[in-house]
Amino acid sequence: MPSLQVQRMPQFLWPLCLQVALIATSAKGQATADYFVGRKQNIYNPSQLSETQFLEYSNLSDGQHLREAVQKILIPRVVDTANHSIVRQYIVDSLRDLDWHVELNSFHDTAPIVGRLHFHNIIATLNPQAERYLILACHYDSKYMPDVEFVGATDSAVPCAMLLNLAKVLQQQLKPLQSAKLSLMLLFFDGEEAFEEWGPQDSIYGARHLAKRWEKEGKLDRIDMLVLLDLLGAPDPAFYSFFANTEPWYMRLVDLETRLSEKSLLERYVNSGVVQRDSSRYFQSQSLRSGQVQDDHIPFLRRNVPVLHLIPMPFPSVWHTQHDNESVIDYATTNNLALIIRLFTLEYLLGGK
């Protein structure tokens with residue numbers, strides 16, 4: 001099968017891409033007893049959440065905070081503008097108020113059309129001295145569209161809000177990670193969007209800069225896995241496993257969704273029979289191997305950092321249009337996805353104890 005390089009192509013081409021790229025065989029669960037993490041593929045086998053833990057953690061939520069966070073971020077926030085600074089400061093203040101250590105990775109770069117810009121990646125950790133990190137990441141800039149008021153609800157105000165909401169909802173449960181060797185990092189990339197046309201030098205500015213810097217500093221070996229969230233919030237998303245080395249971890253998301261469904265703990269959610277694309281569930285039990293979406297994970301993937309890419313296929317119909325605003329957000333779906341990601345995070349970080 002020829003390699004399919006999907007560089008955020010137009011929506012109307014996605015059905016064809018899916019037809020070409022979808023592997024007919026189902027994604028597999030872990031075939032051996034061991035799970036692997038990090039560039040050196042170290043063994044790490046966290047246990048599943050117990051029934052008691054699962055029910056306790058599933059009841060933790062704050063939908064009102066999630067909605068408020070979305071609305072705070074939901075303004076045009078092109079790199080190096082006043083609104084961009086407002087959103088950046090909101091993210092920084094929100095996390096510092098929850099006792100996270102927050103630093104900015106700031107740098108200058110030159111972009112087409114607009115010229116030299118000041119970029120700021122936001123790096124938040126519970127334990128800056130941890131030996132290993134699970135990283136949850138998204139981008140917080142919005143696309144430069146001079147003739148349109150583009151606020152990027154799915155792209156990526158909702159993912160940003162979901163990470164802030166996770167930090168708030170799980171504040172007590174995450175406290176032990178302030179001194180743990182394995183801890184959590186929240187990473188908000190800057191400059192994901194292209195200014196003229198997507199290409200190697202006009203896109204993912206923050207991710208390219210940070211991956212290169214961390215490689216020089218030897219910090220990439222401290223990353224267990226990069227979980228990248230993008231284009232979330234629209235109804236009826238379908239996710240797939242993109243990478244073989246993180247497929248066992250992806251299957252944990254599949255299993256968590258199934259457990260929640262079986263206990264009727266998801267909002268406005270119906271689980272029906274198994275089909276090639278199960279329209280009733282989010283995390284599909286299929287793999288996409290030959291299609292590769294260009295996103296903030298690429299500079300890390302090229303340096304052998306394990307990646308889970310949580311991006312719906314096809315993209316939301318409002319992608320890169322003025323209609324990607326709050327009206328497209330389905331908060332039931334958003335709350336459901338936020339819950340699954342919170343449970344995955346807790347299972348990963350606390351299940352190894």
Side-chain angles (χ1 to χ4, degrees), residues 5-11 72-93 95 102-124 137-161 163 186-217 219-220 226 228-231 292-303 311 315 318-325:
Q5 194 82 348
V6 184
Q7 298 190 6
R8 294 213 168 185
M9 57 179 59
Q11 179 77 17
K72 288 283 189 180
I73 299 167
L74 205 59
I75 56 176
R77 50 195 184 281
V78 176
V79 176
D80 214 359
T81 61
N83 278 358
H84 182 256
S85 298
I86 290 169
V87 170
R88 179 176 68 250
Q89 198 59 50
Y90 169 70
I91 293 171
V92 169
D93 290 346
L95 291 167
V102 184
E103 60 181 279
L104 298 180
N105 165 238
S106 302
F107 64 99
H108 289 88
D109 203 344
T110 301
I113 302 175
V114 294
R116 193 161 177 80
L117 297 173
H118 202 188
F119 296 84
H120 309 270
N121 294 314
I122 305 170
I123 305 166
C138 62
H139 75 90
Y140 73 97
D141 61 303
S142 65
K143 185 168 179 59
Y144 173 75
M145 299 177 72
D147 299 323
V148 172
E149 184 179 65
F150 180 72
V151 296
T154 68
D155 192 15
S156 260
V158 168
C160 289
L163 296 191
L186 302 182
L187 182 52
F188 300 81
F189 289 114
D190 200 1
E192 187 266 355
E193 300 286 5
F195 287 85
E196 186 173 30
E197 183 177 356
W198 189 281
Q201 302 305 314
D202 185 18
S203 64
I204 56 175
Y205 292 84
R208 287 189 285 115
H209 176 86
L210 193 59
K212 184 177 180 180
R213 174 175 172 173
W214 279 356
E215 184 176 40
K216 289 180 179 179
E217 296 174 348
K219 292 183 177 179
L220 293 181
L226 175 70
L228 180 63
L229 285 59
D230 203 357
L231 302 185
Q292 187 178 101
V293 180
Q294 298 292 300
D295 207 344
D296 282 312
H297 66 294
I298 292 295
F300 295 87
L301 185 70
R302 289 174 177 163
R303 291 167 171 84
I311 188 168
F315 293 171
V318 296
W319 175 67
H320 281 184
T321 73
Q322 70 270 31
H323 304 297
D324 190 5
N325 54 43

Q: Report the distance from atom CZ of F195 to atom NZ of K143, rounding to the nearest 0.5 Å.
A: 8.5 Å

Q: Just how far is it from atom CD1 of I204 to atom CZ of F189, taken to the nearest 0.5 Å?
A: 9.0 Å

Q: Applying the side-chain contact (heavy atoms from CB on, under 4.5 Å) criterion to S142, which one of V79, V78, V151 satisfies it?
A: V78

Q: Is it true that, when you exclude E217 itself, more than 12 heavy atoms of the residues, nucleotides or ligands shown sit nearer than 6.0 Å to its CD?
A: yes

Q: Work out which heavy atom in A157 is nearest to a heavy atom in L74; give both atom names and the distance.
A: CB-CD1, 3.7 Å

Q: Would you say N83's side chain and I75's backbone share a donor-acceptor pair under 3.5 angstrom?
A: no

Q: Determine whether a donor-acceptor pair (N or O, by modelled atom type, separation under 3.5 Å) exists between the side chain of D230 and the backbone of I311.
A: no

Q: Sequence neighbours excluded, which residues qualify as side chain to side chain contact (heavy atoms under 4.5 Å, CB included) partners of A211?
A: P299, F300, R303

Q: A side-chain contact here means heavy atoms from C-beta on lying under 4.5 Å apart; do H320 and D155 qualify?
A: yes

Q: Could you go step by step and tell me if F188 and V87 meet the side-chain contact (heavy atoms from CB on, under 4.5 Å) rule?
A: CA-CA 11 Å; F188 300 81; V87 170; over 6 Å; no

Q: Looking at R77, H323, Q322, M145, which hits side-chain contact (heavy atoms from CB on, under 4.5 Å) with F150?
A: M145

Q: I need the D296 CG to L187 CG distance, nearest 0.5 Å.
A: 8.5 Å

Q: If I take atom OG from residue S156 and atom CG from residue D141, how far apart are they, to the nearest 0.5 angstrom?
A: 8.5 Å

Q: To the nearest 0.5 Å, how far apart are CG in D109 and CD in Q201?
A: 8.0 Å

Q: Would D295 and H297 count as a side-chain hydrogen bond (donor to acceptor under 3.5 Å, both in side chains) here? Give the steps.
A: CA-CA 5 Å; D295 207 344; H297 66 294; 5.0 Å; no

Q: Just list the side-chain donor-acceptor pairs under 3.5 Å for residues 113-122, sequence neighbours left out, or say none.
A:
from : atom 1 : to   : atom 2 : distance (Å)
H120 : ND1    : S106 : OG     : 2.7
N121 : OD1    : D190 : N      : 2.9
N121 : ND2    : N105 : OD1    : 2.9
N121 : ND2    : G206 : O      : 3.0

Q: Taking the side chain as C-beta and beyond, is there a heavy-atom pair between Y140 and L163 under 4.5 Å?
A: no

Q: Calculate, to the nearest 0.5 Å, the distance between atoms OG and CD belonging to S203 and E193 respectively.
A: 9.5 Å

